[in-house]
Amino acid sequence: MCDKAVFNSTKKSLFDKYFGFLNPKQREAVYSINGPLLVLAGAGSGKTTVIVNRIANIILFGNSANSDFLPENADILLPLMQNTLKNGNSAEIREVLKKCAVEPAEPYRVLCITFTNKAAKEFKERLAQTLGESARDIWAGTFHSICVRILRRHIDLLGYSNDFAIYDTDDCKKLITEIIKELNIGESALPVKSALNAISKAKENDRTAKDELFDAGKDRFLHNVARVYEVYQTRLKSANALDFDDIIMLTNRLFDLYPDVLNKYKEHFKYILVDEYQDTNPSQSKLVSKLANNKKNVCVVGDDDQSIYSFRGATVENILGFDREYQNAKIIRLEQNYRSAGNILKAANGIIENNVGRKGKELWTEAPDGEKIHIKKLYTQAEEAEFICETIREKVAKGAKYSDFAVLYRVNALSNSLETAFVKKRLPYKIFGGLRFYERREIKDILAYLSVIANPSDSVRLRRIINVPRRAIGDTTVDKIASLATENDVSMFSVIENARVYQELKRSSLKLENFAQLINELSDFSKTHTLPETVSQVIEKTGYRVMLAEEENGIEREENVLELVSSAALFAETAENPTLSEFLNELALVSDLDGYETDNDSVALMTVHSAKGLEFPTVFIPGFEEGLFPITQSSFGSDREIEEERRLAYVAVTRAKNSLYLLHTENRMLYGRTEFRRISRFCDEIPQSVCEHHSKEQKRSAFSQNTAYSSSSSGIKNNIWNKPKPEKASVEVFDEGSVVMHPMFGKGEVLSATPMGGDVLYEIEFANGSIKRLMGNFAKLKKC
DNA sequence: GCTGGACATTTTTTT
DNA sequence: AATGTCCAGC
């Protein structure tokens, strides 16, 4: 029998060599797989790498690295191990270590929870790189996608049907508006927005309408909220719909009411990992705690200093109190930063150390100090924007790429003046965020049609489109339909279908039945045609496209709608089960169009919030001013709020790798008011030794006059850089008059070819005389 | 039922 | 400044 100590130290050395690209702290996090673990991962500390390798370790080697278990064949293994330690490459070490594995977990027993689809996607990709095929079985996804997966199997226990729909904030708002009206509460007593917020907050805290009513006491407002909440919940249920918060809350409910179901999942998941734990709300942390109860093999990763979503219900307390909730939790701090130069870190540390409620961390780096932080005062935002552009231009002239730069602002409202300057200076840029694709009116309308086609009892979506385009079916009629539906306990759609039967609807019965027929025809169409065909049929047959064509800004909306056809086509090609309802399910949890992450060379403009997790060689922060950053609403900022603003500043500063510019103007125009503003207090918190104040060398007169630039020249804006056109050379382009072959419709002649959103819209007359409009990227056309 | 003009509103937003 | 929402009058 071989010496246990020798075996284990050899094994340890092998592990350290295999994970040699990690620093000791990172390695410790990777090895500590049993028991609760909190990884406090500072900005740029290699968090993703740690998570991916920790999961790989769990699956490949189990607890081997931290266990002194001696396998039976240890004496045979040891020489092999010693030899591999001396001469082996990474792959060979891996094979040897696999032989030493101690209870490695099957991939499907690992649950990895993220907040964004983007993060989930990144994890999946990187896990696939390290683990290959088997990575597919890991449960990696967002809180919402994982809960939806669970609910689709069990929600019938709660009285919903398993094919439930998911309502977004907009749908919910509509529903609440209706309810407030019905209950005669009045918008002034309870604005829809406050109701929505209050209900959402309740759900984030896993509280039911009854809980809220109980606690409301004599408070009129809270009482009204509770009443609305109650009805809202009933209404959602009868529409068989969940809102975003329900997805989490009802999973909690399912687990509370059906312990056998919970046990099933508790047994199933041996290892749980939660990313961005500082962004969890109480409902989510409850859920984790329920699932982790068995072995408490739960690892949460996050950074209390980067908690910037409290307005969405996230609570720093989850991460601050982790070691209280999970007894004997191990805490590992990742403080070595691999991203930023020394001075930038000193600035970041200087800012964040003013916060009181934190776990405490200090980033350090082996990198040199680098440049000082550039602080510059300008008179107007036009000058500020121009300064940014000029600086970028100079650096590009010296060899930088446009994509090395980011401009990060506190509020979207700042993007306008920046955009104006970028257009004027002809610098390529891309604005991230703002209005998102699936939130656009035209997209929501078409999706509403598709939802109604898939499920006619979806009354909220039905209301949305019943009179869009105009069909002379007004609010009074719709209200009548709604009350008839409630009275007779049928869906609104069935009332519409049988409009003739109801006396009250006599006058509009023809219009209503026409509408019902339209929906039914489209529904039949969808059963015999592909998804993109259905989408495009909806756009045409409902008259929606014609309506857009007549609108003033209709062209862009038309492009968006056609983009939706493209995304349906993409889905049809890639999804396992490309049905209409699957498509809608997928979109419900997706916030923006994928593939819009640009790899083309342009400057990134975005809010600090959306920059979290990203890095850029050079970062500009315009509007680093009191009142704007930290932002102050009319109410005085509480300490809590200031601390969150400070964390936001910390996030902003730590995005920069080499250069950081903090800009402020004396004179800022915001929301139609011009105000004098002082430099941000956060600037004073940065050690002056790492700062460089640039004097304003410009005289204020003529310069700023010239920069008063009319932003109405949006023609230019849209032409050049605004929408990065996907440069695709893969698809052949056809001119008017050419004869083409379509796989389904056969031979046809191109009547017109209109470039559109990186694609070409063709109007083609086919041999049978029909004229179709098709998108080039998806039509699979061939030259004849 | 539709339209136009008054009126308010304006942080951040992973799902 | 810019955009969405509401309501009165047609």
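Only a predicted model underlies this, so the values are computations on that prediction, with no experimental measurement involved. To find a chain, count down the sequence lines: A is the first, B the second, and so on, and within it residues start at 1.
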Does [X] reach a base, just sugar-phosphate, or nothing at all? Heavy atoms under 4.0 Å.
| X | result |
| --- | --- |
| A:S145 | nothing |
| A:T476 | sugar-phosphate |
| A:F143 | nothing |
| A:D475 | sugar-phosphate |

Could you check how far [atom1] of [X] sits from [atom2] of [N], rounded to whole Å?
| X | N | atom1 | atom2 | value |
| --- | --- | --- | --- | --- |
| A:N281 | B:dT13 | CG | P | 18 Å |
| A:L414 | C:dA2 | CG | P | 15 Å |
| A:K203 | B:dT15 | NZ | P | 19 Å |
| A:E276 | B:dT15 | CD | P | 12 Å |
| A:Y409 | B:dT11 | OH | P | 15 Å |
| A:L505 | B:dG1 | CG | C1' | 15 Å |
| A:E419 | C:dA2 | CD | C1' | 14 Å |
| A:R440 | C:dT3 | CZ | C1' | 15 Å |

*asked:* Pick the closest DNA chain B nucleotide for A:V478 and for A:A413 by heavy atoms, then say which residue is nearer the 5' end.
replied: A:V478
*Residue mapping more 5' on DNA chain B - nearest nucleotide basis, A:R471 or A:K612*: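 So the residue in question is A:R471.
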Check whether any side-chain nitrogen or oxygen of [X] sits under 4.0 Å from OP1 or OP2 of [N], and answer yes or no.
| X | N | result |
| --- | --- | --- |
| A:N412 | B:dT12 | yes |
| A:R470 | B:dT3 | yes |
| A:N467 | B:dG1 | no |
| A:T169 | B:dT15 | no |
| A:T477 | B:dG1 | yes |
| A:T607 | B:dT13 | yes |

Establish, from distance only, whether the side-chain atoms of [X] and [Y] form a donor-acceptor pair under 3.5 Å.
| X | Y | value |
| --- | --- | --- |
| A:E384 | A:T665 | no |
| A:S285 | A:N318 | yes |
| A:Q278 | A:D305 | no |
| A:E383 | A:Q381 | no |

_For A:E626, run the side-chain hydrogen bond (donor to acceptor under 3.5 Å, both in side chains) check against A:R678, A:H664, A:R677, A:R681 and tell me which one passes._
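Between A:E626 and the candidates, side-chain hydrogen bond (donor to acceptor under 3.5 Å, both in side chains) is satisfied uniquely by A:R681.
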*Look up atom CG in A:L254 and atom CZ in A:R153, then write down how far apart they are to the nearest 0.5 Å.*
11.0 Å
*Verify the stacking flag for A:Y671 against B:dT9: centroid separation must be under 5.5 angstrom and the ring planes must differ by under 30 degrees.*
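Taking the rule of under 5.5 Å and under 30°, the ring of A:Y671 does not stack on B:dT9.
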*Looking at B:dT15, B:dT13, B:dC2, which one has an atom nearest to any side-chain atom of A:A472?*
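Closest nucleotide among those given: B:dC2.
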*Does the base of B:dT12 carry an N or O that pairs as donor and acceptor with the side chain of A:R312 under 3.5 Å?*
no
